[in-house]
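The basis for the numbers below is simple: all heavy atoms, side chains too, and nothing from hydrogens, waters or symmetry mates. The chains referred to below are lettered A, B, ... by the order of the sequence lines, with proteins before strands, and numbering in each begins at 1.
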Amino acid sequence: MKSTSCSSCLLKSKAVINLGDNELDILDKSCVQATFDRGETIFKQGALSSNIIYLQTGLIKLMIKGPNRVQILRLKKAPCYLGLPTTMGDKINNYSASALEKSTACFIDMNTFKELLRINPAFSYEIIIELCKNELEQFKRCVTLVQNQIFGRLASNLISFADDIYSSHEYELPLNRNELADLVCTSRETISRILSDLTKERIIEANGKHIKIINYNMLKEISRKG
DNA sequence: GCATTAACCACAG
DNA sequence: CTGTGGTTAATGC
């Protein structure tokens, strides 16, 4: 299935750049590339996990089944590693990942990955950096979700789509209203209402999945104050 | 009490 | 799959 070798790959991660030729060969032997269409599951909560996944291109969502409903943990945009916590931290996946747009990913055998961590400190260092950045992002998101009211929670996410994912004040939402609700912990109805309220206030324009941020500063203010 | 927030339900495009 | 309206429960003046 693999069209290129790891050594000639143009989409190397920051960690893999530090690997020598020998180490790239080791990686090459247990690395398989796959592509996913929108909606396809990359890995599933409850299943045995034995791979580290490097998302080369695309956008995915991580979700976890809570006591009552699904919770979208976060969206992740390539390039990034997927499943580090769930593969290294447990034998079973603690959450699922599915593609929000056409994505490509490399599946790396966990034992090979562990071996690379052991033999190459520069590689390990980059992995730790990525993990730490992720944790900080999660902490921030946690505070926003717990302490802000719904306007603030949704505003934060609309801003994060614009700044972190699409680098534009105008974009197509990768999620429907229900998924948006799962992302900011509310109901589908409330999402509808808030999007139309924000449109009435001329802070954004929302037409179906098309979002245009008109008053970025105001939206930022809402996300800060909750 | 009264106002606000947000969930749940129902129903219509 | 979405948007809206009515109802209701919880919380805070």
- request: Please work out which of the three classes, parallel, tilted or perpendicular, describes the rings of A:H169 and A:Y216, given edges at 30° and 60°.
  value: parallel
query: Within the structure, does a side-chain N or O atom of A:S196 lie under 4.0 Å from either OP1 or OP2 of C:dG3?
result: no
message: Is there a side-chain contact between A:T186 and the phosphate of B:dA7, meaning an N or O under 4.0 Å from OP1 or OP2?
response: yes
- request: Pick base, sugar-phosphate or nothing for A:E189, based on heavy-atom distances below 4.0 Å to the nucleic acid.
  value: base
- prompt: When hydrophobic residues are tied together by side-chain contacts of less than 4.5 Å, even through go-betweens, does A:I64 share a cluster with A:Y81?
  reply: no
task: Check the distance between B:dA7's C1' and A:R69's CZ and give it to me in whole angstrom.
output: 10 Å
field: Shortest side-chain distance from A:R188, nucleotide among C:dG5, B:dA10, B:dA7
entry: B:dA10
task: Calculate the interatomic distance between A:R153 atom CZ and B:dA7 atom C1'; express it in whole Å.
output: 12 Å
field: Rounded distance in Å - CZ (A:F151) to P (B:dA7)
entry: 12 Å
- prompt: Does any N or O in the side chain of A:R38 come within less than 3.5 Å of the main-chain N or O of A:K102, such that one atom is a donor and the other an acceptor?
  reply: no
task: Can you tell me the distance, in whole Å, between the CD1 atom of A:I194 and the C1' atom of C:dT4?
output: 14 Å
task: Measure from the side chain of A:R193, starting at C-beta and using heavy atoms only, and say which of B:dT5, B:dC8, C:dT2 lies closest.
output: B:dC8
Nearest non-hydrogen partners of A:S96 and A:Q45, listed with the distance: OG-N, 2.8 Å
message: What is the separation between atom CD1 on A:I150 and atom C1' on B:dA7, rounded to the nearest whole Å?
response: 9 Å
- request: Could you please name the option among B:dT5, C:dG3, B:dC8 that lies closest to any side-chain atom of A:S187?
  value: B:dC8
task: Using whole Å, report how far NZ of A:K209 lies from C1' of C:dT2.
output: 11 Å
- prompt: Is any side-chain nitrogen or oxygen of A:S192 closer than 4.0 Å to OP1 or OP2 of C:dT4?
  reply: no
- request: Could you tell me which residues satisfy side chain to side chain contact (heavy atoms under 4.5 Å, CB included) with A:K76, sequence neighbours excluded, listed by chain and number?
  value: A:I60, A:L62, A:R74, A:C80, A:L82, A:E130, A:N134
message: Can you measure A:L175 atom CG to C:dT2 atom P for me and round it to whole angstrom units?
response: 10 Å
- line: Looking only at C:dC1, B:dT5, B:dC8, the nucleotide nearest the A:N176 side chain is C:dC1
message: Whole angstroms only, please: what is the CG-C1' distance between A:D197 and C:dG5?
response: 14 Å
